[in-house]
*Asks:* 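The structure is given below, and queries will be raised subsequently.
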Amino acid sequence: SKMNEEDFKRLGIQQSVSKPISIENLTNLLKDTPASFLTHGLIGLSQQSKDQVGAASSSDSSEFVPVKIESLFMTARSIFDIYIKLGPKKFVKVFRYGDTLSKDRLAQYKAKDATLLYLKKEAQEHYVHYCDQLLNNLLSDQSIPTDLKTSEVMNHGELALNFITANGVNKKSLNYTKNYVGKVQTVATEIAKSNGFIQGFMENFALYDHATSTTLLAGLMILDIGIEKKDLFEASALTVLLHDIGLLNAPEVVKAQDITKMNEAELKIFYAHPEEGAKALSGMGILPKEAIEGIRQHHMRLGGQGFPR
């Protein structure tokens, strides 16, 4: 659902904010986001906090997560409790949920070369969802330059890795995952140089964002599975990255993969996309058969559910 005037008043969405990426109206990308999405759960977290604005608290750094300062100034009223760091164990709350944010306040921080502010760790998942919504809106805006979209997709991958780090995955897994994602992109880029179909998929940022996120998760899983042979590694990598290539020419509602919003014809296209992707790639003779089969089966389940059947 779209925001109404009351939602705008309550959140205070701004018309613009100064950004290093030089897009004055970037905050307008949040205007179609339901207020309930942005605020769900955060009011309760703020009410539970005993920290007062302006008062220093002696807290361990592990209780906080750093976030880029500009990302918190996308709304005119804060949807988080926000802190600054004065020392290894000294944090000061500078905004509480609902406080007014301003360009002037942002300029003051930037004049002091501040690039990071801090959230309590328990708010990190909400922050990830907030950034995810912003990225989705950015990717769907045709006026946003391609290089910015590419940069933000990669930034979102880094954000996801940071979230995984904060929630218990060890450093070895993360290093492997970064290496895995890099290799996947290298292999796919090389193939795309001589294949317009794959190049088109990689330039479709909504699909490629989902592909990158899935590849991050696959990297964590593959380390435990123990895939070490080069041919199997590349086959699994390409399967993960290109699994939704059959959606490339589908209508936007199908690409969104929300079956509750599809009509009968759109559902037919959606349920056919694993097979369509596998057929298109198998006819090109550039991917290993294991990758083709993985793309064909990516919506199948061990219990017999899923599709195609």
Side-chain angles (χ1 to χ4, degrees), residues 128 132 135 139 146 149-165 167 169-250 255 257 273-302 306-308:
V128 172
D132 186 57
L135 179 62
L139 294 177
T146 298
K149 291 182 178 181
T150 303
S151 173
E152 289 305 307
V153 167
M154 295 302 103
N155 286 340
H156 194 64
E158 181 182 356
L159 179 67
L161 280 175
N162 290 339
F163 178 68
I164 292 169
T165 302
N167 287 275
V169 176
N170 62 49
K171 187 175 181 179
K172 180 182 178 182
S173 295
L174 289 171
N175 287 338
Y176 183 91
T177 299
K178 290 178 181 178
N179 181 50
Y180 175 79
V181 173
K183 288 182 177 179
V184 172
Q185 292 174 330
T186 298
V187 171
T189 299
E190 284 300 311
I191 294 174
K193 287 179 181 178
S194 58
N195 188 284
F197 186 54
I198 294 178
Q199 183 67 38
F201 174 76
M202 295 179 71
E203 291 177 352
N204 185 297
F205 289 97
L207 290 176
Y208 195 59
D209 175 48
H210 170 65
T212 303
S213 300
T214 308
T215 304
L216 286 169
L217 295 175
L220 293 169
M221 296 172 64
I222 284 174
L223 179 62
D224 290 331
I225 294 172
I227 295 178
E228 296 179 353
K229 291 184 178 180
K230 183 176 183 295
D231 55 346
L232 291 178
F233 181 92
E234 290 190 357
S236 63
L238 292 168
T239 297
V240 176
L241 190 71
L242 301 176
H243 70 277
D244 272 341
I245 198 167
L247 292 173
L248 180 58
N249 297 318
K255 289 177 182 175
Q257 302 193 53
H273 84 266
E275 187 66 37
E276 291 300 314
K279 281 183 180 179
L281 292 172
S282 63
M284 297 174 186
I286 56 176
L287 295 185
K289 63 181 181 180
E290 294 86 358
I292 299 295
E293 197 57 35
I295 290 168
R296 178 180 286 111
Q297 296 181 19
H298 79 269
H299 272 289
M300 297 177 69
R301 303 295 179 261
L302 291 176
F307 57 91

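The first residue in the sequence is number 1, and the count goes up from there. The structure displayed is predicted, hence computed values, not measured ones.
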*Asks:* Does a donor on one side chain and an acceptor on the other come within less than 3.5 Å for Gln257 and Asp244?
*Replies:*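 Yes, because at least one side-chain N or O of Gln257 sits under 3.5 Å from a partner of the opposite role on Asp244.
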*Asks:* Would the distance check show the side chain of His210 and the main-chain N or O of Leu207 forming a donor-acceptor pair, the cut-off being under 3.5 Å?
*Replies:* no
*Asks:* Aromatic rings His299 and Phe307: how do their planes relate, parallel, tilted or perpendicular, breaks at 30° and 60°?
*Replies:* parallel
*Asks:* Given the rule in the side-chain contact (heavy atoms from CB on, under 4.5 Å) test, do Lys255 and Asn204 qualify, once you have shown the distances and angles that lead to the verdict?
*Replies:* CA-CA 11 Å; Lys255 289 177 182 175; Asn204 185 297; 3.2 Å; yes
*Asks:* Measure across Tyr208 and Phe201 and return the closest heavy-atom pair with its distance rounded to 0.1 Å.
*Replies:*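 It is CB-O, 4.1 Å.
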*Asks:* Taking all heavy atoms of Ala218 and all of Val240, pick out the closest pair and write down the distance.
*Replies:*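 Heavy atoms of Ala218 and Val240 come nearest at CB-CG2, 3.7 Å.
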*Asks:* Distance from Asn195 atom CG to Ile286 atom CD1, nearest 0.5 Å?
*Replies:* 4.0 Å
*Asks:* What is the distance from atom CG of Leu281 to atom CD1 of Ile245, rounded to the nearest 0.5 Å?
*Replies:* 4.5 Å
*Asks:* Measure across Ala211 and His243 and return the closest heavy-atom pair with its distance rounded to 0.1 Å.
*Replies:* CA-CE1, 4.5 Å
*Asks:* Can you give me the closest heavy-atom contact between Ala291 and Leu238, atom names plus distance?
*Replies:* CB-CB, 4.3 Å
*Asks:* Write down the atom of Ala188, the atom of Met202, and the distance for their closest heavy-atom approach.
*Replies:* O-SD, 3.8 Å
*Asks:* First locate atom OG of Ser282, then atom NZ of Lys289, and finally report the distance between them rounded to the nearest 0.5 Å.
*Replies:* 13.5 Å
*Asks:* Given Ile191 and Phe197, is the side-chain contact (heavy atoms from CB on, under 4.5 Å) satisfied, shown in steps?
*Replies:* CA-CA 10 Å; Ile191 294 174; Phe197 186 54; over 6 Å; no
*Asks:* Using 0.5 Å steps for rounding, measure from the CD atom of Glu290 to the CD atom of Glu293.
*Replies:* 9.5 Å
*Asks:* Considering non-hydrogen atoms only, spot the tightest contact between Ile198 and Ala192 and give its length.
*Replies:*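 The answer is CG2-CB, 4.0 Å.
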